[in-house]
Amino acid sequence: MILYDTELPSRLFLGTAQYPSPAILQEAIRASGCAVATVSLRRENANGSGAGFRDLLQETGVRILPNTAGCHSVREAVTTAHMAREVFGTRWIKLEVIGHADTLQPDVFGLVEAARILSADGFQVFPYTTEDLVVGEHLLAAGCEVLMPWGAPIGSGRGVVNPEGLRAMRAHFPGVPLVVDAGIGRPSDAAVAMELGMDAVLVNTAVARAGAPVAMARAMAQAVEAGRLGHHADPMDRRDMAVPSTPVPGLAELI
């Protein structure tokens with residue numbers, strides 16, 4: 001998978017919050033084989049007091065994708081992105097502009113505005129958005145080359161609640177990388193997202209809060225791979241009626 005001219009060997013992104021310990025986080029990253037780990041700037045700051053956490057991630061060899069989690073305005077998101085570029089030394093930024101406190105639904109108007117500002121300033125923006133096609137068009141026009149539609153509200157574990165919406169996005173944006181961000185709760189959810197033709201999934205809470213995070217990280221990786229293979233294998237259509245797998249002609253006839 002190629003994102004912003006960077007080739008990635010894995011289609012699983014892993015979040016780094018809520019793990020029982022830094023050691024378990026490291027193990028989960030390695031078990032997942034992920035190529036990208038997202039990090040909230042709230043775990044770091046400009047004077048480097050979070051250097052230990054940054055070093056821990058760098059030891060795993062993953063690419064860090066800082067995010068603007070918790071930002072509720074364009075100004076806050078843009079300021080946080082500039083801080084992240086200094087701290088992590090990367091132009092990549094996962095852009096979040098939250099518009100609703102309960103559902104954590106993106107403020108799509110602020111999101112497009114912030115994406116335009118950051119893209120013009122040289123950032124490579126990964127916008128956390130909805131499955132709305134018009135919003136997607138505006139984000140691409142603002143300079144984004146990747147879209148990150150939600151599967152369900154952040155941390156809900158509800159899976160893909162609007163598969164038709166994601167299917168429509170895939171059809172409408174055939175050449176745009178689509179990464180499902182938020183709502184993945186089980187490996188089967190990740191597989192469903194990939195079967196719909198998504199290019200990758202981002203998982204955090206489902207792994208970090210699992211009873212066995214390392215095992216869940218490995219399961220998510222396998223689910224992503226299975227879903228991707230299933231999508232390209234051209235699955236059979238669903239049917240309303242049963243169809244016998246053994247043809248009737250040629251069956252033994254008992255007299």
Side-chain angles (χ1 to χ4, degrees), residues 1-17 25-39 57 60-67 90 92-96 124-129 131 136 139-140 144-152 154 157 159-160 162-163 165-208 210 213-235:
M1 180 172 61
I2 298 177
L3 302 178
Y4 287 109
D5 297 322
T6 299
E7 186 173 353
L8 301 173
S10 169
R11 295 177 181 272
L12 176 63
F13 291 24
L14 206 61
T16 57
L25 168 59
Q26 266 192 330
E27 288 184 52
I29 289 175
R30 292 190 174 110
S32 73
C34 71
V36 176
T38 62
V39 182
L57 292 179
T60 66
V62 296
R63 185 179 183 107
I64 295 176
L65 173 61
N67 66 39
T90 178
W92 280 20
I93 190 72
K94 178 174 175 279
L95 180 61
E96 297 183 24
Q124 295 175 324
V125 180
F126 293 69
Y128 163 62
T129 183
E131 63 274 38
L139 287 168
L140 295 177
C144 299
E145 296 181 12
V146 179
L147 298 176
M148 300 185 76
W150 64 350
I154 294 171
V160 177
N162 184 9
L166 292 185
R167 188 176 284 112
M169 285 195 82
R170 180 71 290 162
H172 191 71
F173 302 113
V176 177
L178 302 177
V179 182
V180 171
D181 176 14
I184 300 297
R186 298 171 182 269
S188 55
D189 299 331
V192 166
M194 298 302 292
E195 286 176 4
L196 289 170
M198 301 298 102
D199 294 282
V201 298
L202 192 161
V203 185
N204 189 165
T205 307
V207 173
V214 177
M216 183 60 76
R218 187 175 295 111
M220 287 292 183
Q222 293 176 1
V224 167
E225 180 68 16
R228 178 76 176 175
L229 290 172
H231 172 70
H232 286 285
D234 191 16

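What you are looking at is a predicted structure, and each value in this text was computed from that prediction instead of being measured.
- For F126, the ring-ring contact (aromatic ring centres under 6.0 Å, His included) test picks out Y4, W92, with sequence neighbours left out.
- With values rounded to the nearest 0.5 angstrom, L25 atom CG is found 7.5 Å from L14 atom CG.
- For E131, the side chain to side chain donor-acceptor pair (under 3.5 Å) partners at least two apart in sequence or on another chain are W150, N162.
- Here the straight-line distance linking atom CG of L202 with atom OH of Y128 works out to 11.0 Å at 0.5 Å rounding.
- By the side-chain contact (heavy atoms from CB on, under 4.5 Å) test, A152 pairs with S156, R158, V161, sequence neighbours left out.
- Residues A193 and V201 share a closest heavy-atom pair of CB-CG1, 3.8 Å.
- Atom CG of L139 is separated from atom OG1 of T129 by 5.0 Å, given to the nearest 0.5 angstrom.
- With sequence neighbours left out, A210 forms a side-chain contact (heavy atoms from CB on, under 4.5 Å) with M216.
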Using distance only, find each side-chain donor-acceptor pair of residues 166-185 under 3.5 Å and give its atom names and separation, not counting sequence neighbours.
unit_1 : atom_1 : unit_2 : atom_2 : d
R167   : NH1    : E164   : OE1    : 3.1
R167   : NH1    : E164   : OE2    : 2.5
R170   : NH1    : G197   : O      : 3.0
R170   : NH1    : D199   : OD2    : 2.8
R170   : NH2    : F173   : O      : 2.6
R170   : NH2    : V176   : O      : 2.7
H172   : NE2    : E137   : OE2    : 2.7
D181   : OD2    : K94    : NZ     : 3.1

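- Side chains of R11 and R228 form a contact here, defined as non-hydrogen atoms less than 4.5 Å apart.
- With sequence neighbours excluded, the residues that form a side chain to side chain donor-acceptor pair (under 3.5 Å) with T205 are Q18.
- Applying the side chain to side chain donor-acceptor pair (under 3.5 Å) test to every pair with at least one member in residues 216-225, sequence neighbours left out, gives no pairs at all.
- By the salt bridge (charged side-chain N to carboxylate O under 4.0 Å, His left out) test, D189 pairs with no residue at all, sequence neighbours left out.
- Nearest heavy-atom pair across T38 and T16 is O-OG1, 2.8 Å.
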